2 protein chains.
Amino acid sequence: MNRKTSLKDIAEHLGVSTALVSYVINHKEKQFRVGPEMVKKIRKAAIEMNYQPNLVAKSLKSGQTKTIGLIVADISNPFFSMIARLIEDEARKQGYVVFFGSSDENAQKSQSLSSVFLNRQVDGFIIAPAEHTEDQILALQNTGKPVVLIDRYFPGLPADIVRINNAEIAQEAVSHLISKGRKNIAVLTYKTTLAHITDRTKGYQQALKKHGLKANKALICEASYQDIETDVERQLLKLFNGKHKVDAIFFVTNSLAVLGLKIINRLGIKVPDELAIVSFDQSDAFDFFYAPLSYVSQCLHQLGAEAVSLLVKKLQQLPYERIFESVIVEAKLVIRDS
Amino acid sequence: MNRKTSLKDIAEHLGVSTALVSYVINHKEKQFRVGPEMVKKIRKAAIEMNYQPNLVAKSLKSGQTKTIGLIVADISNPFFSMIARLIEDEARKQGYVVFFGSSDENAQKSQSLSSVFLNRQVDGFIIAPAEHTEDQILALQNTGKPVVLIDRYFPGLPADIVRINNAEIAQEAVSHLISKGRKNIAVLTYKTTLAHITDRTKGYQQALKKHGLKANKALICEASYQDIETDVERQLLKLFNGKHKVDAIFFVTNSLAVLGLKIINRLGIKVPDELAIVSFDQSDAFDFFYAPLSYVSQCLHQLGAEAVSLLVKKLQQLPYERIFESVIVEAKLVIRDS
DNA sequence: TTAAAAAGCTTAAAGGTTTAAGCAAATATC
DNA sequence: GATATTTGCTTAAACCTTTAAGCTTTTTAA
């Protein structure tokens, strides 16, 4: 109920200076030559008075808040909530605490989150950036605070990046479908300029090319983030009613696959007989789909841990010198029935 | 790259006192009689020098961090990540920012999170408490910081609580199964003392009693949080190999239902013909289960928003007087094929 | 014309912490 | 026994804000 006890309270209680108490609390009694019985007295009082350091004051003094700002598209999306969890754990191991924010794929919200976190003096950022936020990232970098991009990135923007090998694994996934004899392979992707997605689409195209298949524009289906549900439905209906008989689909994300499979289920299309499917990531949902789907497995654990490690490394190297690193985590193709 | 500009920088740049700058920045020029042309000068300089307030310093001075500590069992669990998202949004609307932490149903981790958040001077807490953390909650309350329990609660502990009507809705759910002619209804629940769960189990028992069915201990299956996967499997196998032919199961949570359904699928048990099922909450996964399941629908949006509202209300009423409120959000039973 | 009021600004302390610098007393050195 | 060193502590400033109190100068009121 009463005010928390401060260093000053302990100092007054013992009739000593706050400096002395601070030295002891921070285990610097050796360095600053505090007498052994004084150390004991202060330790005892600190425990008796239940002293807890005020990290806000500490932060103000040190200029370090031991805080990381994490911005993702949507924390309620399982992909990001899992990443968030792993980042939380890893960050706490390193003595950091995390502020979360969801940008909803919206550059303005993203900007607002950046400002809030900046004003709150976070030490660094981990960001899965939304579309058209290159300048925000650049502005953050220019504050001198380390920024690590996770999952997503901008090809033209030098930055610290932790991501998977999108194009390569997409190509591998589609090549798998081709090797199973599929000829009319569609891709369901986002209408976006974000490189992690366009790379996957490119991987799809490269696979077709490599195996001498013609890339048919009609087989590239794009859904916008905003109207994702209606878009996925419309695109798939168009696909199945088109003249080319589609015999495989590559979903570039988990969310697209879940939505897509619902439609496919409704239409009564048989998987994998009539339609082979490869998706990204695991989902509880896929376990109940009647056929075990093949999927691209990203090691989220590694992504999260690497992001924190890289950020902490940069924090320790401050002030920072515009030397950026990319960590590419290898994704794997898990082949099942489709 | 350079240090952020402070009030002092602006003051020195204009040759005025920091007080004056502070007044203008905080729109208190009327109250403190700052001359109109001075206001303009300061505004201009603030923009030119890109002044951003240091919220850490502000917090130290005001004793308020405009920060909420959220502790849940696991932020990667869709139930909690959805709640987290809603709390994030609502909190930001009210000018607060959220620290997240996952307790993993572990009292010690929960304690550690509380301390960290306390030291970081959060203004208040929203907690879905783990088992055996009554004393932690009490200790937090005794710091004078408002604590709102969400989803979970302790019957003997006076507290601010936002939760659903667990017992009633569970009773309704099981009554539904009975009304469909089911006689041997099992419940899959957690081995826990947490009231939100035991209430659901009690609701199950009350429903049986109300309709004159005998409560059979063998039909109450408990899984521990730690070994949840193996426990669910073992319990269900025991259930289906028992002498009583089970014709319905009530899953008290989403996670239990997902795990349970996998087993049921594997065993080839027909739902709803051989086995009727009612679960808690929606899940993408359920959409791919061949039969549309009936479920208890909690309005997470309301839970999250009410929790933040209640907390903010308490924050505005500080210092606080040990008058606690319970907000009971009505859950609904959504009846589908099972 | 003088006193009172208002306007426009500054000073300084406070919030809790860290830490360089300084000072006095005790101990070591020869 | 005088000097140098070590020991053990204090002082005070700094981090960035906010804000009560105070001080001039100008304006108003009589």
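Proteins get letters first, then strands, A, B, ... in listed order; numbering begins at 1 in each. Model, not experiment: these values are computed from the prediction.
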Subject >> Length of the line joining B:Lys4:NZ and D:dC16:C1', which is rounded to integer Å >> reply: 11 Å
**OP:** For the residue pair B:Ser102 and B:Asp104, confirm or rule out a side-chain donor-acceptor distance under 3.5 Å.
**Re:**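 On atom types as modelled, these side chains do not qualify, holding no pair under 3.5 Å.
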Original post:
Do A:Thr65 and B:Arg120 have a side chain donor and acceptor closer than 3.5 Å?
Top reply: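 No.
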From [atom1] ([X]) to [atom2] ([Y]), nearest 0.5 Å:
X	Y	atom1	atom2	answer
B:Gln108	B:Thr133	CD	OG1	13.0 Å
B:Ile161	B:Leu310	CD1	CG	10.0 Å
B:Ile126	B:Ile68	CD1	CD1	5.0 Å

Original post:
Under the 3.5 angstrom rule, does the side chain of A:Asp160 hit a backbone N or O of A:Glu325 as a donor-acceptor pair?
Top reply: yes
Original post:
Between the side chain of A:Glu131 and the main-chain N/O of A:Thr193, is any donor-acceptor distance below 3.5 Å?
Top reply: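 Yes, A:Glu131 side chain to A:Thr193 backbone: donor-acceptor pair under 3.5 Å.
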Original post:
Does any non-hydrogen side-chain atom of B:Phe100 lie less than 4.5 Å from one of A:Val97?
Top reply: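 No - every pair of side-chain heavy atoms lies 4.5 Å or more apart.
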**OP:** Report yes if the side chains of B:Leu113 and A:Arg92 come closer than 4.5 Å at any heavy-atom pair, otherwise no.
**Re:**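 Sidechains of A:Arg92 and B:Leu113: in contact.
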**OP:** Using heavy atoms and a sub-4.0 Å distance, could you list which residues of residues 47-67 of chain A are near DNA chain D? By number, please.
**Re:** A:Leu60, A:Lys61
Subject >> Result of checking B:Ser103, B:Ser115, B:Ser110 against B:Gln136 for side chain to side chain donor-acceptor pair (under 3.5 Å) >> reply: B:Ser110
Original post:
Which nucleotides of nucleotides 4-11 of chain D have their base under 4.0 Å from a protein heavy atom (B), which only their sugar-phosphate (S), and which neither (-), written as one string 5' to 3'?
Top reply: ---BBBBB
Original post:
At what angle, to 10 degrees, do the two end axes of the helix from C:dT1-D:dA30 to C:dC30-D:dG1 meet, given five pairs define each axis?
Top reply: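 Here the helix ends are tilted 50° relative to one another.
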